4 protein chains.
Amino acid sequence: MNLSTKDKLLEAAKQLFSEKGYHETKISDIVSKAQVAQGTFYIYFKSKEDIFLQLIKKIHQELLDRLSKYKEISGNPQTILTMLVEEFLEEVYKNRELAQIFFGQLLGINEEFRQLYIKKISDIQQVLKDILSRFYDEESSAVLSALILGFLRQLFFNCLIEKNLTLDQMKRKAYIALNIIDRGVC
Amino acid sequence: MNLSTKDKLLEAAKQLFSEKGYHETKISDIVSKAQVAQGTFYIYFKSKEDIFLQLIKKIHQELLDRLSKYKEISGNPQTILTMLVEEFLEEVYKNRELAQIFFGQLLGINEEFRQLYIKKISDIQQVLKDILSRFYDEESSAVLSALILGFLRQLFFNCLIEKNLTLDQMKRKAYIALNIIDRGVC
Amino acid sequence: MNLSTKDKLLEAAKQLFSEKGYHETKISDIVSKAQVAQGTFYIYFKSKEDIFLQLIKKIHQELLDRLSKYKEISGNPQTILTMLVEEFLEEVYKNRELAQIFFGQLLGINEEFRQLYIKKISDIQQVLKDILSRFYDEESSAVLSALILGFLRQLFFNCLIEKNLTLDQMKRKAYIALNIIDRGVC
Amino acid sequence: MNLSTKDKLLEAAKQLFSEKGYHETKISDIVSKAQVAQGTFYIYFKSKEDIFLQLIKKIHQELLDRLSKYKEISGNPQTILTMLVEEFLEEVYKNRELAQIFFGQLLGINEEFRQLYIKKISDIQQVLKDILSRFYDEESSAVLSALILGFLRQLFFNCLIEKNLTLDQMKRKAYIALNIIDRGVC
DNA sequence: AATGAATGAGGTTTCATTCAT
DNA sequence: GATGAATGAAACCTCATTCAT
């Protein structure tokens, strides 16, 4: 594949941010990995923050879109949740690198990014809650969304630790958790 | 109270790290908040990393100690878990600032800190799993510990968003979640 | 002449090191004399040590090359020695500034530089000894090389003291000394 | 032996300056080696320069005194020179550490010390020349003093390189050199 | 569009010196 | 005399960003 200069930069940045973190990744690292000149970076991005935000927004929007469609899908909560969790895991697994940036790096950069993170995670939790509130009361929906989102993040975290955890193994663990939750809420 | 110079620096660092994050906190900020000279910092700490690590190790050890004692306490899982979760919330709530550093900042600094974070979170999850495995099989314990720890982190995260969330409100949410889980695992 | 930025820095460093010595020369002095920005220095050199070493290696290699060719030149010792000493004085006189750095500064910097100095002076003494050992026995060659090298350094030192000592006056003193030595070794 | 605080500091400084050089030796090194407090240093010495100068002056004065007495001793040049060189080697060998500071470090510190060095070496060379001018004409005396002093410094330098060179071995080399010079000047 | 040398603000770190006890 | 914690000036070094080509 023959990537455009901008895509080469985005790809290089994605890998480096997820490997080394925001602050340890230098513009010079990005351009050298992308094999372009230092100045070329600034043709496409205003700053390091800028390229980082573009990556963040991309992963977040994709995840939100995939989850949002379950707001309208009909079925029993168990089935919908199972599908939703599968979709979440698939999306996150596919974009492990970006997800790591999103879930792991955003909080530690500066106040602006911290606000962004809070906003974006709240968005995700809100989508979950909206879906759940079709079946449960307000308070239960809130607790359940925290329970599920927290579990998914923890699962993803475990996936980072045990590098060889496969998507199927994650799904299996998720089914067990969903089963417990499902039986619990009856 | 009349703090020692070292404690003045630790206290200033704690506040600044939790407010502005690791990278946005400059050593010059710390010494100016602690009202000591620039060079004084280096009498007590080798570097910014050093003072940060000292803070991290402190919060982690305290949390681990409080949780570990439940390994030996007898009772039914519901009771033990409730006590443990209360203790976790109390400890974390008491040290909100340090906890925010621990859960929010550590991943985004550098590879060394990332490894430390993984190690320390795994430690906590392991303690949880040890307690649970007295009552449940291996796989259930693993899933349950992820479920609970994930939920607690999510709860704590919500506490950061809605600044006025009280400890009692957090506990109430935790009881609901524990109830769901408890009914689910039967 | 239009020097490259690197050469501007080397030239400025050479002058400053020989005037003020290694430790009194600040990187800020070098860049300000070279009329480039502070950061520019670090594009070309890792540190102050680095630029210093590059200068040292240059002067040493040039001197060694000029002396080494006398290993193969045929003639009687008196003639060879005279030519060699002339060459030494010319080279050193031409690069008075660098030579002063080499002979005067290297010992006083740190252990690493001290080792380098010992190695490099030994190299020079060895070349002298190799040339002499074609005519004299082992022990005489060793003593003679120390005698000649010591004298040349002392002469160079006198040149530094009496700023107006010309190359020809140094040569004249050298001839006298060589005469004494030549008559003495018969 | 029970050294006074001042002597403990001088002794520690002597060792450290000769091992690590002037700039690499920190006041904190000196006081810690002398086992006194940081502030104690300033009771006895105005500054780092001050203690260094006191050491330098000591070695220089002792050397000068030992050499000066040969101005008045009668005898043939060969005998006088031999005794003088022996005395020089003994003095320098005895105070190897200080001598290394004197001959090796002084030039590389700053302009003030450079002037001092030039002055002090010239003093030594002058004493030599005064002694020699009782037997030889002006120009020969100048060359001879440079020849002898240069050789002695070179010999001392070799002693630093080959750590196990004994005083007797140095003397033996000196006799050979003096013999050559003696035969040469006739 | 692409280059990459040059910039300099802004941080970290060192260490000789002071001073209250 | 002796202490040693505190000081802060002065150095070093990094790296996001600019700009002439």
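On a predicted model such as this, the values are computed, not experimentally measured, just so you know. Note on naming: letters A, B, ... go to the chains in the order of the sequence lines (proteins, then strands), and numbering restarts at 1 for each one.
For Phe52(D), the ring-ring contact (aromatic ring centres under 6.0 Å, His included) test picks out Phe17(D), Tyr22(D), Phe113(D), with sequence neighbours left out. Partners of Lys58(A) by side-chain hydrogen bond (donor to acceptor under 3.5 Å, both in side chains), not counting sequence neighbours: none found.
In Glu49(B), the CD atom is crowded: over 12 heavy atoms of neighbouring residues, nucleotides or ligands sit closer than 6.0 Å.
Checked against the 6.0 Å centroid criterion, the rings of Phe157(C) and Tyr117(D) qualify as a close aromatic pair.
In terms of heavy atoms, Gln105(A) sits closest to Leu107(B) at NE2-O, 3.8 Å. Here the closest heavy-atom approach between residue Ile124(D) and residue Leu63(D) is recorded as CD1-CD2, 3.7 Å.
Distances shorter than 4.0 Å separate some side-chain N or O of Thr5(D) from OP1 or OP2 on dA2(F).
Between Asp29(C) and Lys33(C) no salt bridge is recorded (no basic side-chain N to carboxylate O distance below 4.0 Å).
Going from atom CD1 of Ile30(A) over to atom CD of Gln38(A) covers 9.5 Å, rounded to the nearest 0.5 Å. Atom CZ of Phe41(A) is separated from atom OG of Ser28(A) by 10.5 Å, given to the nearest 0.5 angstrom. The OG1 atom of Thr25(A) sits 11.0 Å away from atom CG of Asn110(B), with the distance rounded to the nearest 0.5 Å. Rounding to the nearest 0.5 Å places CD1 of Ile59(A) at 11.0 Å from CG of Leu64(A).
Taking a 4.0 Å limit (strictly below) on heavy-atom distances, residues 19-31 of chain D reaches DNA chain E at Lys26(D), Ile27(D). Residues from residues 43-51 of chain C with heavy atoms under 4.0 angstrom of DNA chain E, sorted by number: Ile43(C), Tyr44(C).
Mapping Phe41(B) and Gln35(D) onto DNA chain F by nearest heavy atom places Gln35(D) closer to the 5' end of the strand.
One side chain, Glu11(A) or Gln15(A), offers a donor N or O that lies under 3.5 Å from an acceptor on the other. Between Asn95(B) and Gln100(B), the side chains place no donor N or O within less than 3.5 Å of an acceptor N or O (distance only, hydrogens not considered).
For DNA chain E, the outermost nucleotides in 5' to 3' order that have an atom under 4.0 Å from a heavy atom of chain A are dA1(E) to dA5(E).
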Item checked: Pairing annotation in dot-bracket form, given for DNA chain F with Watson-Crick or G-U pairs under 3.5 Å and | for cross-strand partners -> .||||||||||||||||||||

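Per the geometry, CD belonging to Gln38(B) stands 14 Å off C1' belonging to dC12(F), to the nearest Å.
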